[in-house]
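Just so it is clear, the values below take in all heavy atoms, side chains as well, and ignore hydrogens, waters and symmetry mates. Protein chains get the first letters and strands the later ones, always in sequence-line order, with residue 1 at the start of each. Because the structure is predicted, anything quoted here is derived from the model rather than measured.
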Number of protein chains: 2
Amino acid sequence: MTRIVDVARRAGVSTATVSRVLNGKSVRPELVAAVRAAVDELDYVPDRTARSLRRRSSDVVALVLPDVENPFFTAVARGVEDVAQEAGFSVVLCNTDDDPAKEARYLAVAEHENMAGVVIAAASASPALAGLLARRRAVVAVDRAVPDAVDQVTFDNVALGRRAAGLLVERGFRRIACVTGPRATTTAVDRATGWRLALDDAGLVPSDDLLVHANFRVDGGYAATSELLARPTAPDAVLATNNLVGVGALRAVADRHLDLAASGAAGGTSVGVGIVGDLPFATSRTDDVALVPLSPRGLGTTAARMLLERLDGLDVAPRRVVQDGAAPPGGTSAGLHL
Amino acid sequence: MTRIVDVARRAGVSTATVSRVLNGKSVRPELVAAVRAAVDELDYVPDRTARSLRRRSSDVVALVLPDVENPFFTAVARGVEDVAQEAGFSVVLCNTDDDPAKEARYLAVAEHENMAGVVIAAASASPALAGLLARRRAVVAVDRAVPDAVDQVTFDNVALGRRAAGLLVERGFRRIACVTGPRATTTAVDRATGWRLALDDAGLVPSDDLLVHANFRVDGGYAATSELLARPTAPDAVLATNNLVGVGALRAVADRHLDLAASGAAGGTSVGVGIVGDLPFATSRTDDVALVPLSPRGLGTTAARMLLERLDGLDVAPRRVVQDGAAPPGGTSAGLHL
DNA sequence: CCGTTAGCAGTAATCGATTACACATGGACG
DNA sequence: CGTCCATGTGTAATCGATTACTGCTAACGG
């Protein structure tokens with residue numbers, strides 16, 4: 001394998017000079033040329049392991065996600081990757097399966113691999129960030145808030161839930177159930193709170209038995225919706241607070257041979273569905289679904305930009321960005337609302 | 001940060017002994033105990049960067065995928081991760097976007113980060129593996145065959161296409177179109193070949209204008225299917241050769257307000273759909289879809305197991321495993337058919 | 001009883017790049 | 001004309017763990 005000394009010898013300079021050329025420090029032009037030539041001839045690429053050992057930081061950022069099979073999170077990943085890639089960082093994706101232990105393990109790896117930074121959608125209410133923070137590594141929490149003093153990018157989940165439920169109200173539904181995620185997941189709880197507020201706004205009763213906590217996956221949404229629809233006094237609409245639960249809800253409706261109701265005026269063989277999130281792989285028309293689209297990719301790009309700013313040495317108090325569901329702001333500094 | 005010398009001092013031994021204890025080489029029991037105690041007291045975790053520099057290999061494996069937003073590949077990722085994790089490796093996911101340049105970049109990173117091995121679903125017909133192979137790194141190709149002499153795990157794509165088209169034939173469809181991926185993608189071409197064979201088997205004519213090459217994504221399937229259905233003499237069924245194209249096809253059918261036909265007996269307002277692959281996020285009933293389910297996760301576990309065997313020093317000729325669409329074989333040695 | 005060998009532990013070299021420090025050169029300026 | 005400073009280059013230390021090599025001890029055989 002070609003090492004830096006090989007290049008140095010070939011170019012007739014010291015390894016220090018080679019390193020300086022490669023890292024853009026000022027070096028006499030003819031030496032730069034000689035080094036460049038030697039690098040080309042030898043096909044030299046620096047060993048990143050050695051580099052990170054010395055620099056005490058690699059150019060890899062970890063993206064720690066609860067579920068890489070959820071299109072929401074893969075979209076976040078795309079966003080992070082686009083920005084990081086652009087800046088010369090590689091992104092490694094770590095799947096925690098919503099398991100705090102797996103999460104802790106990955107965070108430890110990120111720490112001891114000397115990764116440049118971490119973007120995390122936390123599985124646990126309080127992820128094990130202590131080690132990383134002690135080493136002053138850049139950390140950005142995305143989608144789910146964490147108690148630590150780190151940059152955070154989230155949606156306004158209460159507003160999202162409220163908006164989605166509001167859409168159903170506008171369409172004339174009166175008995176609107178809500179299927180949300182586990183009580184321990186803040187996004188799930190907040191969106192349910194939004195649902196409650198929307199019903200209050202409309203003078204409807206957000207009765208407790210219309211709120212179901214399921215898991216945040218397809219099977220959870222399916223089971224919860226099936227149960228709701230099987231009740232003697234079934235709801236006339238169901239609000240799913242995330243994409244997968246929404247998929248489950250739609251499938252439950254289809255399996256019961258019910259129609260999707262566009263409005264509350266329809267009869268008893270149809271039911272309305274609202275979803276906070278997107279349906280990238282829907283196999284049916286979704287015109288009649290009250291969708292509140294999100295921009296997980298935007299969440300990812302914003303988080304990545306914040307991370308890069310930290311890596312650039314930005315040293316201000318942790319920032320908290322609340323993104324709307326709409327397309328993300330472009331522009332400099334991630335369009336951060338500080 | 002605690003280093004190995006700190007532990008050594010605390011335990012009253014040399015760094016070599018600490019290293020040996022941590023790596024399970026034989027050391028006198030009382031020293032083992034002393035080292036263990038020191039490690040615990042100091043919360044010592046070895047720096048993986050230094051370790052990989054010295055060992056010339058890290059315990060990270062790269063998983064290079066064309067599209068992390070495709071549920072097929074995320075399922076592969078899950079499979080790889082499950083197995084690798086179990087064996088103490090971390091998996092980093094690299095998204096190539098089906099772009100050979102991005103792919104080459106990631107492969108170079110894997111090489112120069114001294115990653116233990118690479119599992120790749122190739123974007124290009126001939127991915128840039130030369131560097132990795134020169135360094136004798138373990139490489140396993142998954143889903144898509146590559147020309148290089150490396151282990152490969154694929155499906156029997158001709159058989160899959162044939163089976164799926166066969167299902168449609170059995171159900172009585174006569175004019176079966178095929179929407180497949182780009183000509184450069186072997187899986188796309190092979191499954192289309194299977195379609196052709198099934199039609200031949202049945203004495204039907206696999207007319208060339210019933211075969212459409214689209215991209216392998218939802219929009220490709222949607223556009224191609226829409227076009228087919230708009231023809232004066234539309235097909236009575238469409239075979240989609242992967243999951244995303246299948247989603248697109250179903251949506252095209254729904255958008256044209258056509259019904260899904262369970263059999264060829266139905267009238268002109270319905271059309272049959274066959275899909276090679278799964279629909280994890282279907283929002284409708286899929287009973288009437290002729291599905292040939294795959295086991296991408298099994299593909300991933302098999303690939304990972306093969307990789308681990310290579311990392312364990314297995315030094316035999318490259319193996320070629322062709323998996324059926326069915327559930328993957330469990331058992332030792334990845335149930336490899338050598 | 002001595003030589004051989006096996007087993008264990010310590011010292012120091014090593015992995016490959018970055019960078020602190022020392023030094024050389026040349027120009028500016030008093 | 002000498003001093004100072006800026007700029008550029010080389011030497012060698014450094015990052016932290018692993019491991020080749022060396023040497024010690026003890027057991028065992030002849």
Side-chain angles (χ1 to χ4, degrees), chain A residues 1-36 38-39 42-60 88 108-109 111-116 131 135-137, chain B residues 1-36 38-39 42-60 88 108-109 111-116 131 135-137:
Chain A
M1 212 194 43
T2 38
R3 304 182 321 280
I4 198 170
V5 286
D6 304 323
V7 176
R9 245 192 298 270
R10 177 103 176 200
V13 300
S14 73
T15 61
T17 298
V18 175
S19 172
R20 285 192 268 254
V21 169
L22 264 35
N23 291 289
K25 322 253 163 134
S26 83
V27 168
R28 224 167 64 227
E30 57 264 42
L31 293 192
V32 173
V35 169
R36 288 261 145 76
V39 165
L42 298 176
D43 262 338
Y44 170 72
V45 183
D47 183 301
R48 304 167 60 122
T49 306
R51 166 181 298 192
S52 357
L53 175 59
R54 178 60 227 234
R55 287 220 189 128
R56 323 189 57 61
S57 165
S58 75
D59 33 11
V60 173
V109 169
E111 178 185 345
H112 299 287
E113 287 270 4
N114 286 314
M115 294 188 184
R135 276 200 171 54
R136 321 211 64 241
R137 293 255 171 260
Chain B
M1 212 194 43
T2 38
R3 302 181 325 280
I4 197 171
V5 286
D6 304 323
V7 176
R9 245 190 301 267
R10 177 103 177 200
V13 299
S14 73
T15 60
T17 297
V18 175
S19 172
R20 283 191 270 255
V21 169
L22 265 34
N23 292 288
K25 322 251 162 133
S26 82
V27 169
R28 226 167 61 227
E30 58 263 41
L31 293 192
V32 173
V35 169
R36 288 262 145 75
V39 166
L42 299 176
D43 261 338
Y44 170 71
V45 182
D47 182 301
R48 304 165 63 119
T49 306
R51 166 181 297 191
S52 358
L53 174 60
R54 179 59 228 232
R55 288 220 189 128
R56 324 190 56 61
S57 165
S58 74
D59 32 12
V60 173
V109 169
E111 178 185 345
H112 299 288
E113 288 270 4
N114 286 314
M115 295 189 184
R135 276 197 169 59
R136 320 213 63 241
R137 293 256 172 260

Across all chains, not counting sequence neighbours, the side chain to side chain donor-acceptor pair (under 3.5 Å) partners of S19(B) are N23(B)
Would you list the pairs meeting side-chain hydrogen bond (donor to acceptor under 3.5 Å, both in side chains) in which at least one residue belongs to residues 26-36 of chain A, sequence neighbours left out?
R28(A)-E30(A)
Partners meeting side chain to side chain donor-acceptor pair (under 3.5 Å) with S14(A) (sequence neighbours left out)
T17(A)
Note the angle between the end axes of the helix from dC1(C)-dG30(D) to dG30(C)-dC1(D), five pairs defining each, rounded to 10 degrees.
50°
Can you list the residues that meet the salt bridge (charged side-chain N to carboxylate O under 4.0 Å, His left out) rule with R55(B), with sequence neighbours excluded?
none
Given protein heavy atoms under 4.0 Å, the one-letter contact record of nucleotides 15-26 of chain D, with B base, S sugar-phosphate only and - none, is simply BBBBB-------
Residues two or more places apart in sequence or in another chain: which of them pass salt bridge (charged side-chain N to carboxylate O under 4.0 Å, His left out) with R135(A)?
E111(A)
For residues 2-10 of chain B, tabulate all N or O donor-acceptor pairs below 3.5 Å that involve a side-chain atom, not counting sequence neighbours.
from   : atom 1 : to     : atom 2 : distance (Å)
D6(B)  : OD2    : R3(B)  : N      : 2.6
R10(B) : NE     : E41(B) : OE1    : 2.7
R10(B) : NH2    : E41(B) : OE1    : 2.5

From T15(B) OG1 over to L22(B) CG, what is the distance, rounded to the nearest 0.5 angstrom?
11.5 Å
Using the side chain to side chain donor-acceptor pair (under 3.5 Å) criterion, which residues pair with S52(B)? Sequence neighbours excluded.
none
Going 5' to 3' along nucleotides 22-27 of chain C, which nucleotides have protein heavy atoms under 4.0 Å from the base (write B), which only from the sugar-phosphate (write S), and which from neither (write -)?
------
Sequence neighbours excluded, which residues qualify as salt bridge (charged side-chain N to carboxylate O under 4.0 Å, His left out) partners of R137(A)?
none
Can you list everything that forms a side chain to side chain donor-acceptor pair (under 3.5 Å) with R51(B)? Sequence neighbours excluded, please.
none
